[in-house]
Amino acid sequence: MAAARPLSGAGQEPGDSDGKAPGPSRRTATPGPAPFLSRLRLADFRSYEALSIELGPGPIVLCGANGAGKTNLIEAVSMLSSGQGLRRAPLAEIGRIGGSGRWSIFASVESRAGVRLLGTGWSGKDSQSERSAGRNVRIDGQSRAPAALSEVLEIAWLTPAMDGLFMGPASDRRRFLDKMVAAFDAGHRVRLNRYDLAMRQRNRLLELARARPAELEGLELVMAEIGVAIAAARLEMVTGLASAIADRVARSPDSPFPWADIALDGRLEGWLGERPAVEVEDDYLGLLAGGRERDRAAGRALEGPHRSDLLVGHGQKEMPAKVSSTGEQKGLLIGLVLAQAELLALQGAAGAPVLLLDEIAAHLDEHRRSALFAEIVALGSQAFMTGTERAPFAALEGRASFLGIEAGTIEAGG
């Protein structure tokens with residue numbers, strides 16, 4: 001298990017000129033007003049045939065019956081991030097039922113750099129290849145890659161589906177951590193994709209049992225270089241989170257949310273805690289070369305950052321999060337997201353993230369709800385929160401905008 005500590009240059013990609021890792025230990029911006037969506041327009045997205053709403057900064061409470069479209073609305077906001085959105089749904093499944101299948105989202109964002117215009121959508125199948133086209137992204141009218149969205153806006157979310165994060169497979173926790181890393185370093189997703197491609201190609205060659213050594217060596221070299229960069233970036237993120245958590249504990253020792261004790265469990269992460277990244281690359285390269293027969297028998301690579309796990313414990317009780325109560329697990333998860341939000345407010349290129357908190361009040365008592373709302377207000381983030389009733393959000397009266405949602409329509413006042 002690797003304890004979090006700062007690394008110098010361990011996450012460096014080829015072409016980086018300053019020799020420093022792009023993770024959260026590097027301050028890239030000074031605190032300033034949090035960016036927020038001032039206008040949101042949807043077309044044929046989920047249950048919304050057409051929607052145009054004006055929004056303000058700060059908390060926004062979306063109230064409505066189950067199935068009214070609350071989660072669909074915050075999913076639309078999540079699609080303005082560089083990833084796949086909070087449901088991770090295929091692009092072809094997002095369009096409105098009964099519509100053409102195509103969908104679009106447009107937003108005006110009040111940012112540190114002024115008003116920015118974001119748009120994303122899906123145009124259906126490619127007319128020539130009949131294959132599904134990728135996601136379209138435009139920033140200020142210019143076509144951009146999805147990763148560029150993080151230059152303007154960061155978005156963090158909590159959904160009921162994430163409540164089992166600490167009980168689920170390690171892959172869920174890696175994805176959770178990698179999303180945090182990508183908020184500080186857009187190149188992290190590129191590295192993950194390149195590593196995965198090289199690993200899958202190596203697996204196929206091993207299955208053939210006739211692969212030339214040079215082919216395997218080339219793929220293993222890619223896996224070693226990028227794999228160590230991935231592990232280093234994750235360590236950098238955990239270091240930043242641990243520091244933010246420590247600051248939160250010192251500031252609010254009686255917080256109703258338990259503080260998380262976090263670490264990374266993985267061979268590369270452990271090595272990086274002991275020696276320079278260049279030596280770890282050589283060691284991992286040797287591990288891959290020496291493990292070819294074992295990996296061939298297993299049908300997969302048995303060592304690498306794709307096997308690492310984010311370990312989370314209940315700090316006060318000194319026990320794993322997975323054996324904590326349901327309420328404690330929810331509190332730990334909320335604490336991690338708030339710690340990330342504080343890091344982004346201080347160090348992120350775009351500033352504090354927009355928060356999407358789906359059914360956030362459902363499993364919190366009144367004391368914890370009030371404490372959470374106070375944290376959100378203090379952070380200054382625009383925060384979309386959903387619920388079936390207005391009463392659980394009473395502590396936000398006078399400090400939040402309340403919107404009522406019914407059958408794909410929105411009315412002010414909730």
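FYI, the numbering just counts along the sequence from 1. In this text the structure is predicted, and so the values were computed from the model without any measurement.
Here the side chain of Q329 pairs a donor or acceptor atom with the backbone of A321 at under 3.5 angstrom. R234 contributes no side-chain N or O that, together with a main-chain N or O of V181, makes up a donor-acceptor pair within less than 3.5 Å. Of the possible polar contacts, none joining the Y284 side chain to the R267 backbone as a donor-acceptor pair under 3.5 Å is found. Proximity of a side-chain donor or acceptor of R174 to a complementary backbone N or O of S308 within less than 3.5 Å is detected. No donor-acceptor pair closer than 3.5 Å links the side chain of R191 to the backbone N or O of A233. Panel note: side chain S381, backbone V354; no donor-acceptor pair is recorded below 3.5 Å. R368 contributes a side-chain N or O that, together with a main-chain N or O of P256, makes up a donor-acceptor pair within less than 3.5 Å. Without hydrogens or angle criteria, R173 side chain to L165 main chain gives a donor-acceptor distance under 3.5 Å. Side-chain N or O atoms of Q382 include one that pairs as donor or acceptor with a backbone N or O of G56 at under 3.5 Å. A distance-only check finds no donor-acceptor pair linking the side chain of D309 to the backbone of L311 [under 3.5 Å].
Rounded to the nearest 0.5 Å, atoms CZ (F184) and CD (E236) are 10.5 Å apart. Going from atom CG of L51 over to atom CZ of R46 covers 15.5 Å, rounded to the nearest 0.5 Å. In this structure, CZ on R88 lies 12.5 Å from CD on E75, to the nearest 0.5 angstrom. Summarising the geometry, atom CG belonging to L288 is positioned 5.0 Å from atom CE belonging to M223; distances are rounded to the nearest 0.5 Å. Atom-to-atom distance recorded for I262:CD1 and L310:CG is 6.5 Å, nearest 0.5 angstrom. Taken to the nearest 0.5 Å, the CD1 atom of I60 stands 11.5 Å off from the CZ atom of F402.
At a threshold of 4.5 Å between non-hydrogen side-chain atoms, the residues L372 and L338 count as touching. Side-chain contact between L177 and M237 is present, with heavy atoms from C-beta onward closer than 4.5 Å. Side-chain contact between D247 and E342 is absent, with no heavy-atom pair separated by less than 4.5 Å. Taking 4.5 Å as the limit, every side-chain heavy atom of K70 sits out of range of all side-chain heavy atoms of L403. Put simply, the side chain of N136 does not reach to within 4.5 Å of the side chain of S143, judged on heavy atoms. Here the side chains of D196 and R200 are in contact, with some heavy-atom distance below 4.5 Å. Contact check for L153 versus L37: side-chain heavy atoms found under the 4.5 Å cut-off. Side chains of T326 and D163 form no contact here, defined as non-hydrogen atoms less than 4.5 Å apart.
Residue E279 places its CD atom among more than 12 non-hydrogen atoms of other residues, nucleotides or ligands, all under 6.0 Å distant. Counting heavy-atom neighbours within 6.0 Å of M167 CE, excluding the residue itself, gives a total of 12 or less. The number of heavy-atom neighbours closer than 6.0 Å to CD of E54, taken from other residues, nucleotides and ligands shown, is above 12.
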Point to revise | Test log, rule side chain to side chain contact (heavy atoms under 4.5 Å, CB included), inputs L91 and W103 | key: CA-CA 9 Å; L91 299 176; W103 53 268; 3.8 Å; yes
Practice item. Run the numbers on R369 and E366 for salt bridge (Lys or Arg N to Asp or Glu O under 4.0 Å), then give the verdict. Key: CA-CA 5 Å; R369 287 198 302 267; E366 183 178 356; 5.1 Å; no
Exercise for review: Begin with the C-alpha distance, continue with both residues' side-chain angles, and end with the deciding distance and a verdict on side chain to side chain contact (heavy atoms under 4.5 Å, CB included) for N72 and I405.
Suggested key: CA-CA 11 Å; N72 290 344; I405 299 184; over 6 Å; no
Check your understanding: Should M385 and I376 be marked as a side chain to side chain contact (heavy atoms under 4.5 Å, CB included) after you check the CA-CA gap, both sets of side-chain angles, and the distance that decides it?
Key -> CA-CA 11 Å; M385 292 171 276; I376 291 171; 4.0 Å; yes
Check your understanding: So K317 and E328, salt bridge (Lys or Arg N to Asp or Glu O under 4.0 Å) or not? Walk me through it.
Key -> CA-CA 11 Å; K317 293 187 175 181; E328 287 172 334; 2.5 Å; yes
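Using a 4.0 Å cut-off between charged side-chain N and carboxylate O, E207 and R204 make no salt bridge. The existence of a salt bridge linking E93 and R87 is excluded, since no basic side-chain nitrogen approaches an acidic carboxylate oxygen closer than 4.0 Å. Under a 4.0 Å N-O distance rule, the pair D44/R102 does not qualify as a salt bridge. Using a 4.0 Å cut-off between charged side-chain N and carboxylate O, D178 and R175 make no salt bridge. E220 has a carboxylate O that lies under 4.0 Å from a charged side-chain N of R292, or vice versa, which qualifies the two as a salt bridge.
Pairs passing the ring-ring contact (aromatic ring centres under 6.0 Å, His included) check and including a residue from residues 370-395, sequence neighbours excluded, read F373-F393.
Nearest heavy atom pair, residue L332 against residue W259, reads CD2-O, 3.6 Å. Looking at every heavy atom in both residues, P320 comes nearest to S324 through O-OG, 3.3 Å. The shortest heavy-atom contact between H306 and A301 is NE2-O, 2.7 Å. Between I155 and S81, the shortest heavy-atom distance links the atoms CD1-N, 3.9 Å. Taking all atoms of both residues into account, the shortest heavy-atom contact from R189 to A182 is NE-CB, 3.8 Å. Pairing each heavy atom of L302 with each of R307, the nearest pair is O-NE, 3.6 Å.
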